[in-house]
Each structure stands twice: as structure tokens, then as C-alpha cells.
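All heavy atoms count here, side chains included; hydrogens, waters and symmetry mates do not. Read the numbers this way: they start at 1 and go in the same order the structure lists the ligands and their atoms.
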Amino acid sequence: MIHPEVTAVLNELTPILRQAQHVVILTGAGISAESGLPTFRDPMTGLWATYRPEELGTPQAFRQNPRLVWEWFAWRRELVAAAAPNPAHQALVALEHHVPHVTIVTQNVDGLHQRAGSTRVIELHGNLTRFKCFVDNQPITDWKASEDVPPRCPRCGGLVRPDVVWFGERLPEQALNDALTAAKKCDMFLSIGTSGTVEPAASLPYRALDSGAAVVVSNLDVPNRATPPLYYINGRAGVLLPELVQQTWPEA
Ligand code: OAD
């Protein structure tokens, strides 16, 4: 059952979405929660409730204890491999059938948008199924089987690391530029399942607002409120996104 307050905000959004030419969706860990993947900041189940970022998600941590960090990411990779895209990811694929330009900007490293079938996905924080050399950041697709954990770069013998952005590291420049450009050009911007606490992703909705877009922020923390051009909806992405698409194009 959808709360009447949620329905009221959705009703305001459907005409805007129907007219939209370019929609940008910024996603965070919350969109993959219904696929069974933990978020970062949930006080009970979030990854940072169990692990300390500085112990596992920094270059210093990898230098000090590469095996621990490698194994933590290997565990997360297994969770992702066992997970499947959920109705929220699928609703964003459906959006591509109705809106001329759809750009997903994700902070997630799980690749679930691509596995669902979304075609334009900008990965701001990398992807944990890709690897690179800890010495020179060059991509690594394969390495010699050995006892080494982490494995060794086949070119220089340096450590292999996941191709994700750790605390204190710069975001991939092209991805960040593309995300900023999309945020400035879109006419509707949805922020889904992110706490909006990590920069520069957290600023993207403001860039869109400054450029005149309607901005929707949806997660489990916000109230339900419509103060055009800014809208807040509280609820699960796997329920709200399919509902928004269905309500906007009921004939489809
Ligand atoms: P957070 O864990 O900070 O926030 C998750 C958000 O998802 C919260 O606002 C929840 O209310 C919301 N949420 C939870 N379940 C949901 C559901 N079913 N439907 C909709 N919303 C739901 O995760 P992020 O914002 O993604 O960075 O965190 C940002 C970055 O911090 C991550 O990319 C990661 C982390 O450190 C790096 O690893 C570089």
C-alpha cells in the first residue's frame, strides 16, 4: 500500500516526467538494498556499521593490510554475483522507452544497472568487478594463478586492487565531467537511495536545481514534501520507481 502522502507527491511528478526530455538519475546503495546488498550507513546493517572505512576503504589500509582489504572486496564481489537487479533497476530501464535521454549516474560499484539493461550508466566510484594495478592504476583483466593474496600485476609485479574509488582518492575525471554536464543539461533529476553525504556526488542535485531542473530526492530518511522545483519522497525504490513509471505512462 502506498501512503497517501507519497501518492500526492507522485501525482505532482507524473506530468513533469511525461514532458521531460533528459532525465538524470543519481543512485546510491539504497537502490540495491532490495537486491540484498547492504548499504553503507544503515545503523544496524550498513557496511560502515560493521567495518571502519579507514580500515578497509583507503589506499593506506591496502598498503598496511592488503590481504584483509582484498578479502573484504572479494566477499562483496560474491554478494554482488549472487544478487540480481530488482524492480527499481528495471523501472529505470523502462524509463528509457519513454524519455529521449536517460542518464544514470551511480555511486554503486555493483554493476546492477548494466545487468538490468540500462544503456547509459556513469560510474562515479568505479566497479568492484574490475581491477587495476596499485602501482600505476593501469587496468588489469587477468593475472597468473598463484598463492598470492592479493594477486600480482602481470606487468610490474605490483599488487592488484579493485577498480573502485577509495576515501581520499580522486573520482575518474571523465565520469565526473560527464555527470556534471548531464546534471546541468537535464530537465528532471532524481536522487534515489543515497544519503547524499559523499562529495562530489552529493552536490549534483544542486547543480541540476541551479540549472532549472525539477529535482526529486527519495530514500528512507526524507519526509514527503512537494516544494517545486524540489520534491521529497520517502519509500523503497523498488516500490516507488515502478509506481512512478506506471502512473506516468499507464497505457504502456
Ligand atoms: P548510504 O548507506 O550512505 O545511504 C543509503 C541511502 O539509501 C539512505 O538514505 C537510505 O535511507 C536509503 N535506502 C535504504 N534502503 C532503501 C530502499 N529500499 N529504497 C530507497 N532508499 C533506500 O549509501 P550511499 O549514499 O550510496 O563510497 O553512500 C555514498 C558513498 O559512501 C558510497 O558510494 C561509498 C560510501 O562510502 C565509496 O565507497 C567511495
Side-chain angles (χ1 to χ4, degrees), residues 2-3 6 9-10 25-62 69 72-73 75-77 79-80 83-92 104-113 116 121-130 132 161-173 175-176 179 190-206 216-224 231-245:
I2 295 193
H3 195 281
V6 171
V9 184
L10 288 178
I25 309 100
L26 170 68
T27 63
I31 198 165
S32 296
E34 289 158 78
S35 295
L37 300 179
T39 63
F40 290 93
R41 292 178 182 78
D42 181 282
M44 301 304 289
T45 61
L47 289 171
W48 297 150
T50 325
Y51 305 98
R52 288 155 60 94
E54 60 277 16
E55 276 170 18
L56 294 168
T58 65
Q60 292 82 343
F62 190 63
V69 175
W72 187 63
F73 275 91
W75 169 71
R76 287 180 58 198
R77 221 162 20 248
L79 290 184
V80 164
N86 68 55
H89 299 102
Q90 283 147 7
L92 296 184
I104 295 176
V105 179
T106 190
Q107 299 166 87
N108 298 343
V109 293
D110 57 30
L112 286 181
H113 288 299
V121 182
I122 299 173
E123 293 180 319
L124 285 182
H125 293 167
N127 188 311
L128 52 66
T129 63
R130 287 195 307 260
K132 61 182 183 178
R161 60 163 283 180
D163 185 5
V164 299
V165 176
W166 282 332
F167 287 97
E169 293 187 317
R170 296 168 79 92
L171 270 62
E173 202 174 320
L176 182 57
L190 312 177
S191 165
I192 307 291
T194 171
S195 58
T197 46
V198 173
E199 291 292 355
S203 293
L204 289 172
Y206 300 100
V216 183
V217 176
S218 182
N219 56 40
L220 303 185
D221 309 318
V222 292
N224 291 297
Y231 303 81
Y232 294 98
I233 317 183
N234 185 303
R236 286 162 46 203
V239 174
L240 294 182
L241 287 178
E243 181 63 25
L244 178 64
V245 172

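In this model, a donor atom of one side chain and an acceptor atom of the other lie less than 3.5 Å apart for Thr194 and Gln107.
With sequence neighbours excluded, the residues forming a side-chain hydrogen bond (donor to acceptor under 3.5 Å, both in side chains) with Asn127 are Glu123, Thr129, listed by chain and number. Phe62 pairs by the ring pair (Phe, Tyr, Trp, His ring centres under 6.0 Å) definition with Phe134, Trp166, not counting sequence neighbours. By the side-chain contact (heavy atoms from CB on, under 4.5 Å) test, Ala61 is found to be paired with Thr58, Val69, residues two or more places apart in sequence or in another chain being considered.
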Pairs under 3.5 Å, nitrogen or oxygen of ligand 1 with protein nitrogen or oxygen:
from, atom 1, to, atom 2, distance (Å)
ligand 1, 2 (O), Phe40, N, 2.8
ligand 1, 2 (O), Arg41, N, 2.7
ligand 1, 3 (O), Arg41, NH1, 2.7
ligand 1, 3 (O), Ser195, OG, 2.5
ligand 1, 4 (O), Ser195, N, 3.3
ligand 1, 7 (O), Gly193, O, 3.2
ligand 1, 9 (O), Asp221, OD2, 2.7
ligand 1, 11 (O), Leu220, N, 3.0
ligand 1, 11 (O), Asp221, OD1, 3.2
ligand 1, 11 (O), Asp221, OD2, 3.1
ligand 1, 18 (N), Glu34, OE2, 2.8
ligand 1, 19 (N), Ala237, N, 2.9
ligand 1, 25 (O), Thr194, OG1, 2.7
ligand 1, 25 (O), Ser195, N, 2.9
ligand 1, 25 (O), Ser195, OG, 3.4
ligand 1, 26 (O), Ala29, N, 2.8
ligand 1, 27 (O), His125, ND1, 3.4
ligand 1, 28 (O), Arg41, NH1, 3.1
ligand 1, 31 (O), Arg41, NH1, 3.0
ligand 1, 31 (O), Arg41, NH2, 3.2
ligand 1, 33 (O), Gln107, O, 3.2
ligand 1, 33 (O), His125, ND1, 2.8
ligand 1, 36 (O), Trp48, NE1, 3.3

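In summary, Arg161 and Glu169 engage in a salt bridge, as defined by a charged side-chain N under 4.0 Å from a carboxylate O.
Cation-pi geometry between Arg77 and Trp75 is not satisfied (NZ or CZ under 6.0 Å from the ring centre, within 45° of the ring normal).
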